[in-house]
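Worksheet: one structure, shown below.
Along the sequence shown, the residues carry numbers beginning at 1.
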Amino acid sequence: RGSRPPVTPVGRRLRMDASGAGNLRIRLRDLRGRPAWEAPLPAGSQAVAIPAHLPPGMYLLESIGPSGTIRGWLVLP
């Protein structure tokens with residue numbers, strides 16, 4: 001199990017310090033566990049845009065990569 005990368009919501013962009021993590025998939029799930037959104041975060045990238053159709057609220061954030069999955073909570077403004 002890896003350490004948690006720092007995650008910063010910047011407006012409607014999600015910025016992650018994932019240096020050296022390789023290619024990642026970022027997934028947000030609603031409070032019932034249903035997938036709400038998913039996008040790739042290619043190696044060397046640091047941010048991904050979150051679509052405007054996602055309503056504000058709390059989401060389960062999953063960072064899925066070669067070393068496993070890291071989970072945490074994200075609050076969208």
Does a side-chain heavy-atom distance below 4.5 Å link [X] with [Y]?
{"X": "Trp73", "Y": "Leu61", "answer": "no"}
{"X": "Arg27", "Y": "Ile64", "answer": "yes"}
{"X": "Leu24", "Y": "Pro40", "answer": "no"}
{"X": "Leu41", "Y": "Asn23", "answer": "no"}
{"X": "Met58", "Y": "Leu31", "answer": "yes"}

Task: CZ on Arg71 to CZ on Arg29, rounded to 0.5 Å - done: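 Rounded to the nearest 0.5 Å, the CZ-CZ separation comes out at 7.5 Å.
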
TODO: Measure the spacing between CZ of Arg25 and CD of Glu62 and express it to the nearest 0.5 Å.
DONE: 11.5 Å

Open item on the list: For a side-chain contact (heavy atoms from CB on, under 4.5 Å) check, start with the C-alpha distance between Ile26 and Ser63, then their side-chain angles and the critical distance, and finish with the verdict.
Closed with: CA-CA 5 Å; Ile26 306 302; Ser63 172; 4.2 Å; yes

- [ ] Using the test side chain to side chain contact (heavy atoms under 4.5 Å, CB included), find all partners of Leu54 that sit at least two apart in sequence or belong to another chain.
- [x] Arg12, Leu28, Ala36, Trp37, Ile50, Pro51, Tyr59, Leu76

Task: Any residue meeting salt bridge (charged side-chain N to carboxylate O under 4.0 Å, His left out) with Arg34, in chain and number order, not counting sequence neighbours - done: Asp30

